[in-house]
Amino acid sequence: MSIQGIQIENLSKRFGEGDTAVFALKDVNMQVAPGEVVGLIGPSGSGKSTLLKCLGAVIDPTAGRMVLDQQVIYDEGWKVGDLSALRRDKIGFVFQSPYLIPFLDATDNVALLPMLAGVPNEEARRRALELLTALDVQHRAKAMPSQLSGGEQQRIAIARGLVNQPPVILADEPTAPLDSVRALAVVRILNDMAKRFNTAVIVVTHDEKIIPTFKRIYHIRDGVTHEEVGEGRLPT
Amino acid sequence: MISLAGRDILHAWGKFIFTGVGLGLLIGVTLIMAGVYRGMVDDGKVLLDNSGADLWVVQQATLGPYAEPSSVPDDIWRSLLTQPGVAEAANITYLTMQIERGEDDVRAMVVGIAPGGAGTLGWPRYLVAGRQITRGHYEAVADLASGFQLGDYLTIRRNQYKVVGLTRRMVSASGDPMIFIPLKGAQEAQFLKDKDAILMQRRRTEANPALNRPNLPGLLEAVLASQTTNPSVNAVLVRIKPEYLPQAVAEPIERWQRFTVYDREQMEGILIGKLIATSARQISMFLVILAIVCAAIVAFIIYTLTMDKIREIAVLKLIGTRNRTLVWMILQQALVLGAIGFVVGKITATFAAPIFPKYVLLLPIDSIIGFVAIQLICTLASVVAIRMALKVDPAEVIG
């Protein structure tokens, strides 16, 4: 079966052994199609971050299967060899804080990923400028992170997540430090970019302002997820 | 691919420059220490070169005048001239002493040179001002480092000498400037007793019935005369004929004349292997300590710089930066820091060397060795920071 976007089946993650074992995730199932933006919400300690780390190929699940853009990443203990390259080429990350590299200007912060993948500098910068233009921060292309506002930094972080056109973007509370106007702007950008680049976007959040914007939401509590249909109201 | 290390250095250039300057001063001291050792070796070689000798004839079973007291009769040079292979032979004395210079005094090696002219064994090989000694008494040629000027008078024991010539790079094995005076004056300076001592010795001799016999009226005068003369020099310098080997000439002198003879190679071995060996070990210890301090400083700075970037390193790892890229970034920074330090150190050493009282010889090969050593030290020093960077968990930036 050909799976676009991302799909996980019966994914579990256990920390510790024997009596001290704790299951952070228990048989989690999830599927996000290309171009779709879904929310992942839950209280603190529910397993959100653990799930995000598994989806981001940062930690290995104990059991289950994960398929990303038709490629099996984990399958009951087996995993692909080069997770670092996988993250670089197939997963885009957007964090709560932008975490831009302070010694690179806005363009090179975005262009760094394709450069790491071996794309020539000029081509990488051209791609970065295209994205900065799409996100309306092209006028700040040469600015250093310390010279950018919080909103500009977050848009550049989104551009960085998108620049390699990954099949999936994982956004970890991307609107937490923003006011409601800017938060909704970021969600709008993520939706636009998901459609434009046919990317599956998973947004981890407990930001009440943006929860109504998702058409599908995964709730997670005590390591167990359940899916519900969201309102899908994205103000224009 | 852009240079992450280069961008980081440009971003925090002040930190790098100031750290590099601090490190550079330390490297400068290290280079100067190496230069001091080279200077000591060079002083020894210059001393031998300037004597113009191929062989040194010295008192039996001594290491010669540069290392130990040596006394040989001042007339054996004539018999040495009869030996096969000997082209030239000349007496020489060496005496290191304090010489008054105005209100101050200067430590100098007084060299007694045999009568002759420019080119005679032991004479200063060239002058930078004035002329060579032409009289048998009371004239001197001084090294510039002694601080004496043409026309100055200097006092050695009871006699005054006028400086008639100036030379340069004529130093003892310990770097003291040389002052050349005629041999007779130098012999007196070295062996002649003061007036009171002569008087006391004369009284003792007169009181000795074995030496003051009424039936031998000339005996006492002869004994007293022998006590007040000084028929010794420290060594005889020998130049051999071109077609002879030093050892071939030295061997019959040692066997038949009962002296010890050193050739150039042996004398260099004594100067470098024995005279400055302790100083060389001392300097080596300093160099080792300075290298360790350099390594500690670079390690601390690179560690601190890496600690400041932990979050960025975690992000870089999360977005797929390979470990080797991160290792290269940290290593490059350490190497650049070492390079900045080396340039500052080299400039510091070059400008500071002439100020030092002892000769500091900065050889290009030492600079090359220093540069390679610094880069090796920086590479080793970055290991701690690299290990830390490799341990950074990319998951830190999630959640």
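Below, all heavy atoms of this structure are taken into account, side chains as well, without hydrogens, waters or symmetry copies. Every chain is numbered from 1, with letters handed out A, B, ... down the list of sequences.
- A 4.5 Å side-chain heavy-atom check between A:Tyr99 and B:Leu318 finds every atom pair outside the cut-off.
- The two residues B:Glu312 and A:Pro102 come nearest to each other via the heavy atoms CG-CD, 3.2 Å.
- Taking a 6.0 Å sphere around CZ of A:Arg221, one finds it holds 12 or fewer heavy atoms contributed by other residues, nucleotides or ligands.
- The closest donor-acceptor contact from the side chain of A:Arg87 to the backbone of B:Lys317 lies under 3.5 Å.
- Between chain B and the options A:Leu112, A:Asp105, A:Val204, the largest number of non-hydrogen pairs under 4.5 Å is found for A:Leu112.
- Other residues, nucleotides and ligands place no more than 12 heavy atoms under 6.0 Å from the NE2 atom of A:His206.
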- request: Check the pair A:Leu104, B:Leu4 against side chain to side chain contact (heavy atoms under 4.5 Å, CB included), reporting the backbone distance first and the verdict last.
  value: CA-CA 8 Å; A:Leu104 298 179; B:Leu4 292 174; 4.1 Å; yes

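- A:Asp82 has its side chain within reach of B:Arg322: a pair of non-hydrogen atoms, C-beta onward, lies under 4.5 Å apart.
- If you measure heavy-atom distances from B:Asp393 to chain A, the contacts under 4.5 Å come from the side chain alone.
- Using a 4.5 Å cut-off between heavy atoms, B:Arg7 contacts chain A through both its backbone and its side chain.
- What you find for A:Phe103 and B:Asp8 is that their closest heavy atoms are CD2-OD1, 3.3 Å.
- For CD of A:Gln147, the number of neighbouring non-hydrogen atoms (other residues, nucleotides, ligands) closer than 6.0 Å is greater than 12.
- When each of A:Ile59, A:Leu170, A:Asp108 is checked for heavy-atom pairs under 4.5 Å with chain B, A:Asp108 comes out on top.
- Only the side chain of A:Phe93 has a heavy atom closer than 4.5 Å to any heavy atom of chain B.
- In terms of heavy atoms, A:Ser49 sits closest to B:Ile398 at O-CG2, 4.3 Å.
- Neither the backbone nor the side chain of A:Asp89 comes within contact range of chain B, judged by heavy atoms closer than 4.5 Å.
- The most heavy-atom pairs under 4.5 Å with chain A, out of B:Leu316, B:Val315, B:Ile2, come from B:Ile2.
- Of the listed residues B:Ala12, B:Pro394, B:Ala314, B:Gly320, the one with more heavy-atom pairs under 4.5 angstrom with chain A than any other is B:Gly320.
- Heavy atoms closer than 4.5 Å to chain B are found nowhere in A:Pro120, neither backbone nor side chain.
- Neither the backbone nor the side chain of B:Leu10 comes within contact range of chain A, judged by heavy atoms closer than 4.5 Å.
- Of the atoms belonging to A:Leu116, heavy atoms from both backbone and side chain fall under 4.5 Å from chain B.
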